[in-house]
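Below: one structure, written as structure tokens.
Every value quoted in this text rests on a predicted model; they were computed, and no experiment measured them.
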Amino acid sequence: VGHLRSTIPPTSGPSWSSFVTGMNPGKTGIYDFLYRREGTYSFPPVNASQRGGTSMWRYLSDAGHQVGVLNIPMSYPVERVNGFMVSGWLTPYAASDYIFPAELAAELEREVGNYRIYPTETFTEGRKESFLKATYDLLEMRTRTAVYLADSKPWDVFMAVFFDTDRFLHQMWHYLVPDHPWRTDSEDKEGVVRDYFQKVDESIARLLQSADEDTLVIILSDHGMGQANNFIVLNNWLLEAGLLRLKRDPWTRFKELMFRNGFTLRNIHQLADRLGLAQQAEYVAGYFVDHLLKLAFLSFLDVDWGRSKAYSFGRHLGSVYVNLKGREPQGIVEPGAEYEAVRDEIERLALDFREPQTGRRLIGQVLRREEIYSGPYADRAPDLILLPKEPSDIFFGLADFGHRDTVATVYRYSGMHRDYGM
């Protein structure tokens, strides 16, 4: 087993894009789950149509090899390959064109039954048993699909992702750590997690039966996983620092008042959890109804861009973008000396950014885009990337202002990605 360094950030959008192309994000243009739509401050989900570079299955197909691709994140829209392709995570939730050839969908329905990309349950302690059942059902469905395709279709290269291992550790990591902030007991719960991975191991064994002795088998992950204790809402910090400013009209002031009193995406998610309504919310609401969320909650729609120097979006690491004249639609920072001065100011403030309750420093290192990325899409990269001093501090950037507290205990996820996979 070798240690595999992930991308910066170590998240599934950029990392799988780098895996399938062999290129850094500066050449793929994929830096996160979201991207800024040209000429706007709107941030829809990324997909493979925005990805630069050529996929390995395109190279293989064009060279006459038969390929099979199953459930790889960031593979929608599917390509017309010499073989078959079923897209994975970040496929639009209700898409029907996630498969090539199109008639393979009916075949999978007949042979495997109820093929789906996304899970149907989100973990809460009160729904643990239904969460576990849905998770095992999804693994069994994915395994049967992989085995069926590997056994019934010709292929020279076959690749499949069991993506739910990622989600399972995101939501169950606290079962591995007795002192996690979520834990209210000291009971040994490791077995729940280990049992699932034992089942994953058995699934891999079933799939390996489809490979003969001449087949090279590679098992890899796109990142590691570890404990998550706190979410940091970077746009709140930018507001406090005066680098991001809100409009001063009555509607914005009302939304800000509601925000300060707890009308936030985090609290609505937690209410939905308690009411049993959140089984699929992280996929449906998390990525695909961005504009509706912006209308309801304090958001970038309420920012006064004419007075704002910087903003953040994206998850895991702290991605900061300068509101640059000529790049952002209402940019105010001049390229050149002023741009560098703003970056210097943000770096200085970031290295003194402290948790309000304890006074501990939160940022361990500040990286500049040119230190990490190279290629034709390097201009899409964050201008600065803030690395937490403690890896259990995670930047929460899938919502513009997801929570009223700048630093708060994690919700939804008790585990988060690490730089090294296998």
Side-chain angles (χ1 to χ4, degrees), residues 1-7 9-20 33 69-75 86-91 112 115-124 128 130-147 149-150 158-177 180 189-208 217-228 279-280 282-283 286-287 315-316 391 394 410 412-422:
V1 175
H3 290 291
L4 181 69
R5 180 73 187 257
S6 187
T7 48
T11 53
S12 301
S15 59
W16 285 110
S17 296
S18 289
F19 165 73
V20 304
F33 309 122
V69 181
L70 175 63
N71 201 45
I72 292 190
M74 272 295 296
S75 58
V86 184
S87 65
W89 179 77
L90 280 176
T91 299
V112 178
Y115 184 83
R116 64 187 184 280
I117 293 171
Y118 292 107
T120 57
E121 282 280 352
T122 294
F123 174 83
T124 63
K128 182 181 78 173
S130 58
F131 169 80
L132 290 172
K133 181 182 184 306
T135 299
Y136 278 98
D137 287 349
L138 188 68
L139 176 61
E140 175 60 24
M141 179 275 295
R142 199 83 69 203
T143 306
R144 287 202 320 272
T145 304
V147 170
L149 290 171
F158 179 67
M159 54 194 91
V161 171
F162 290 96
F163 185 73
D164 219 37
T165 54
D166 173 276
R167 186 184 69 104
F168 192 85
L169 288 178
H170 272 310
Q171 299 189 15
M172 301 291 287
W173 192 269
H174 60 293
Y175 271 43
L176 297 171
V177 185
H180 191 278
K189 296 183 174 182
E190 276 193 24
V192 176
V193 178
R194 294 186 183 278
D195 287 350
Y196 172 73
F197 278 89
Q198 179 72 47
K199 203 71 180 172
V200 172
D201 197 47
E202 292 170 12
S203 292
I204 295 170
R206 286 163 62 185
L207 184 55
L208 289 182
V217 176
I218 299 172
I219 298 174
L220 62 90
S221 68
D222 63 320
H223 52 69
M225 194 71 79
Q227 183 168 338
Q279 286 94 326
Q280 302 176 57
E282 65 188 298
Y283 300 98
Y287 306 118
R315 195 171 80 177
H316 191 81
I394 309 298
V410 292
R412 281 272 165 98
Y413 292 153
S414 60
M416 195 55 81
H417 301 175
R418 293 294 189 270
D419 290 339
Y420 285 90
M422 66 167 189

[atom1]-[atom2] distance between [X] and [Y], expressed to the nearest 0.5 angstrom:
X: S17; Y: M74; atom1: OG; atom2: CE; result: 3.5 Å
X: R116; Y: T145; atom1: CZ; atom2: OG1; result: 10.0 Å
X: S203; Y: L208; atom1: OG; atom2: CG; result: 10.5 Å
X: N71; Y: L149; atom1: CG; atom2: CG; result: 11.0 Å
X: S6; Y: W16; atom1: OG; atom2: CH2; result: 10.0 Å
X: I204; Y: K199; atom1: CD1; atom2: NZ; result: 13.0 Å

With heavy-atom distances below 4.5 Å as the criterion, would you say the side chains of [X] and [Y] are in contact?
X: L138; Y: E121; answer: no
X: T124; Y: F131; answer: no
X: V161; Y: W89; answer: no
X: S87; Y: I117; answer: yes
X: D222; Y: S12; answer: yes
X: H174; Y: Q227; answer: no
X: L132; Y: Y196; answer: no
X: T135; Y: P119; answer: no

Problem - Derivation of the side-chain contact (heavy atoms from CB on, under 4.5 Å) call for L139 and T143 - result: CA-CA 6 Å; L139 176 61; T143 306; 3.9 Å; yes
Practice task
With sequence neighbours excluded, tell me which residues meet salt bridge (charged side-chain N to carboxylate O under 4.0 Å, His left out) with D137.
Solution key: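 Applying salt bridge (charged side-chain N to carboxylate O under 4.0 Å, His left out) to D137 gives K133.
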Exercise for the section: List in chain and number order the residues that pass salt bridge (charged side-chain N to carboxylate O under 4.0 Å, His left out) with E140, two or more places apart in sequence or in another chain; answer none if no residue qualifies. Expected result: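 Here the qualifying residues are R144, R206.
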In terms of relative ring orientation, are [X] and [Y] parallel, tilted or perpendicular, with 30° and 60° separating the classes?
X: F168; Y: F197; value: perpendicular
X: Y420; Y: H3; value: perpendicular
X: Y413; Y: H170; value: parallel

Determine the minimum heavy-atom distance between [X] and [Y], stating which atoms define it.
X: I72; Y: S75; answer: O-OG, 2.5 Å
X: R418; Y: M416; answer: NH1-O, 3.3 Å
X: A146; Y: F158; answer: O-CZ, 3.8 Å
X: H417; Y: P10; answer: ND1-O, 2.7 Å
X: Y136; Y: V192; answer: OH-O, 4.5 Å

Practice task
Indicate, with yes or no, if the rings of F123 and W173 have centres closer together than 6.0 Å.
Solution key: no
Checking the side chain of [X] only, and the main-chain atoms of [Y] only, is there a donor and an acceptor separated by less than 3.5 Å?
X: R142; Y: A160; answer: no
X: H223; Y: L4; answer: no
X: Y118; Y: L90; answer: yes
X: T91; Y: G88; answer: yes
X: T11; Y: G13; answer: no

Handout entry: side-chain contact (heavy atoms from CB on, under 4.5 Å) between Q171 and D166, intermediate numbers included
Key = CA-CA 9 Å; Q171 299 189 15; D166 173 276; over 6 Å; no
Practice task
Can you establish whether the number of heavy atoms outside R5 located under 6.0 Å from its atom CZ is more than 12?
Solution key: yes
Handout entry: Test side-chain hydrogen bond (donor to acceptor under 3.5 Å, both in side chains) applied to R167 and T122, step by step
Key = CA-CA 9 Å; R167 186 184 69 104; T122 294; 5.3 Å; no
